[in-house]
Amino acid sequence: ISELSELAKGAGLSIVGPPLRRRLRQPDPQTYTDAQGVDRIRDAIEDLVEEGAEEVAVVFDDELTPDQQKNLEKRLQVASRDELQPRSKKVDKKKKALEKQARVFELRQESPYLSQAAARAKINEQDRKLRRRGESPVVAVRVLDRTAVVLDIFAKRATTRSGRLQVALALTLYQTPRQGGLFRGIDDERETGGSLGTNKQERRRTMDVDQKTMRDRAARLNRKIRALETHRDLQRRRRARQGAPTVALVGYTNAGKSSLLAALVGDQIECLDADDEDNRFSVDDKVFATLDPLTRRVEVADQTALVTDTVGFVSKLPAQVVAAFRATLEEVSNAAVIVHVVDASAPRHIIRARCQVVDEELDALGCRGTPKLVFYNKLDAMDDSSSLREKAAVSKHVAVGSAASGDLGDLREQLAGILADALLDVRVTLPYDDASYGGVRDEILNRGRVFSEAHGDAATDLVAAVPWDLAGRLRPYKSK
């Protein structure tokens with residue numbers, strides 16, 4: 001719940017009152033929560049309306065189905081639906097009575113113990129409570145789920161062209177099955193003068209057209225993203241030809257990945273991304289500060305590595321985000337080493353849960369066999385970090401420090417050791433007349449794994465897996 005509050009604040013919402021918790025064996029297929037939970041939410045909304053609220057958002061800590069979202073918006077409205085209709089479409093008395101009877105029927109379904117007279121009295125009391133000086137206020141009640149909040153944050157954070165395209169695709173995939181909600185139709189009528197249609201068949205036809213439009217938009221965005229993927233592949237191949245290993249910084253959102261990248265880079269900033277030509281990247285204490293992969297050259301021991309900062313993970317990561325940010329997450333899949341940044345200042349049970357989320361996402365990306373180094377960050381925010389430092393001293397591939405203050409511990413040394421053990425597949429041709437033929441061949445045989453060796457008339461062809469630093473020196477001998 002605390003994480004949902006942080007996400008809601010990141011989306012620009014103001015949290016009012018304590019969270020409403022409801023334990024259920026399984027979610028209700030109609031409204032996710034039961035009738036008592038709906039009543040509690042409605043009572044909280046009415047209290048906010050009495051205090052003068054004009055718009056209320058109800059956020060659920062899970063993804064809602066389109067039907068659940070639509071049903072909740074209908075049942076949580078604090079003004080009757082005829083009051084939400086535009087003035088150009090007056091509702092006659094007969095229709096108004098039928099709608100009131102429908103509300104009585106719904107209320108009696110939710111609360112079977114109520115008689116018809118008691119249900120009608122309760123509805124009249126609700127309408128009377130909202131009536132101010134003979135007018136009923138129109139209060140917009142929006143029902144949001146965790147996915148909608150995350151996507152809204154992404155839309156605010158996206159700055160580059162690739163980031164905006166990926167966010168637009170994720171929003172389109174999320175909104176397509178949700179066309180035709182309660183407020184969607186009312187808003188369209190207010191803008192178009194009632195062109196949505198009054199009967200069910202016309203509304204169904206309009207929603208079908210809208211969904212087709214959304215699917216066409218998703219197809220166009222996919223084509224544009226694929227074109228950017230081709231460009232990223234070219235960039236990746238160009239970097240691979242340089243013989244420099246790629247290090248991916250991964251971790252839970254707001255764990256300090258961007259701060260670690262800034263500490264590793266220091267004053268040696270060189271732009272390697274076409275979308276980030278201003279040589280600047282954001283280091284902010286907020287969720288999802290980085291959406292696009294940022295790559296910088298970093299000197300590690302006696303070799304140069306390309307360190308990439310990636311989008312942060314979060315629990316219950318929406319499927320639309322994974323699908324839309326596939327190209328961004330590929331930077332992690334192609335990395336030679338993964339540095340898992342962990343916020344050590346969080347409680348231990350939260351650290352374990354967040355590490356489990358990150359490990360599951362890495363497994364889904366096919367990174368199970370990639371060498372990994374864990375960096376416990378934000379030690380300066382801990383009351384006592386001695387136990388964690390002792391653990392890092394005896395553990396392999398574990399480092400501790402505080403990236404914001406520049407304290408990286410032995411992260412560079414451990415990273416250099418992992419890179420020295422990491423191997424890269426190469427195919428080289430060693431001419432016999434080369435002065436360093438014997439030394440180069442012996443180093444390949446001693447430090448790498450040779451898969452095949454063929455002796456020709458003028459040269460020796462080798463296919464082997466060698467360390468990254470040796471692969472960089474073998475570039476002049478690369479087979480054509």
Side-chain angles (χ1 to χ4, degrees), residues 160 232 235-251 255-284 289-312 328-343 358 362 367 370-379 392 397-424 466-473 475:
T160 64
R232 287 189 187 277
Q235 285 184 326
R236 201 176 295 121
R237 292 174 188 172
R238 185 173 68 248
R239 295 170 190 167
R241 286 196 297 268
Q242 297 174 359
T246 303
V247 179
L249 304 181
V250 303
K257 299 182 296 298
S258 298
S259 299
L260 177 57
L261 178 61
L264 287 172
V265 171
D267 297 330
Q268 301 175 359
I269 298 179
E270 181 179 357
C271 175
L272 297 176
D273 296 291
D275 283 344
D276 191 46
E277 296 178 354
D278 56 358
N279 286 349
R280 293 176 297 176
F281 52 93
S282 174
V283 181
D284 298 318
T290 300
L291 291 185
D292 302 296
L294 301 172
T295 303
R296 298 292 184 268
R297 282 195 179 93
V298 175
E299 296 297 327
V300 180
D302 58 346
Q303 63 178 318
T304 301
L306 303 179
V307 182
T308 301
D309 182 16
T310 60
V311 63
T328 299
L329 296 175
E330 282 180 358
E331 297 289 341
V332 180
S333 304
N334 296 317
V337 180
I338 293 175
V339 177
H340 180 188
V341 184
V342 180
D343 182 2
V358 174
L362 291 177
C367 303
T370 306
K372 185 171 70 171
L373 170 63
V374 180
F375 177 69
Y376 287 94
N377 192 23
K378 303 184 181 180
L379 257 67
H397 298 167
V398 175
V400 295
S402 178
S405 60
D407 176 20
L408 301 183
D410 59 346
L411 175 65
R412 289 181 183 271
E413 291 75 10
Q414 293 212 39
L415 187 58
I418 296 176
L419 290 175
D421 296 335
L423 301 179
L424 177 67
V466 298
W468 281 89
D469 60 333
L470 178 57
R473 298 202 303 274
R475 274 190 296 164

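- The distance from atom CG of D407 to atom NZ of K378, rounded to the nearest 0.5 Å, is 15.0 Å.
- With I338 as the fixed residue, the side-chain contact (heavy atoms from CB on, under 4.5 Å) test singles out one of L362, I418, L373: L362.
- Ion pairing between D309 and K257 fails under the 4.0 Å rule for side-chain N and carboxylate O.
- Of all non-hydrogen atoms in A403 and N377, the two that sit nearest each other are N-OD1, 2.8 Å.
- Minimum heavy-atom separation, A336 to P371: O-CD, 3.3 Å.
- Taking CG from D410 and CZ from F375, the interatomic distance works out to 9.5 Å, rounded to the nearest 0.5 Å.
- For K372 against H340, the heavy-atom pair with the smallest separation is CD-CB, 4.2 Å.
- Residues L419 and A305 share a closest heavy-atom pair of CD1-CB, 4.2 Å.
- Looking at L249, T308, V341, V339 one by one, the single match for side-chain contact (heavy atoms from CB on, under 4.5 Å) with L261 turns out to be L249.
- Residue S259 comes nearest to A404 through the heavy atom pair CB-N, 4.4 Å, listed as atom of the first residue, atom of the second, then distance.
- The two residues R296 and V265 come nearest to each other via the heavy atoms CB-CG2, 3.5 Å.
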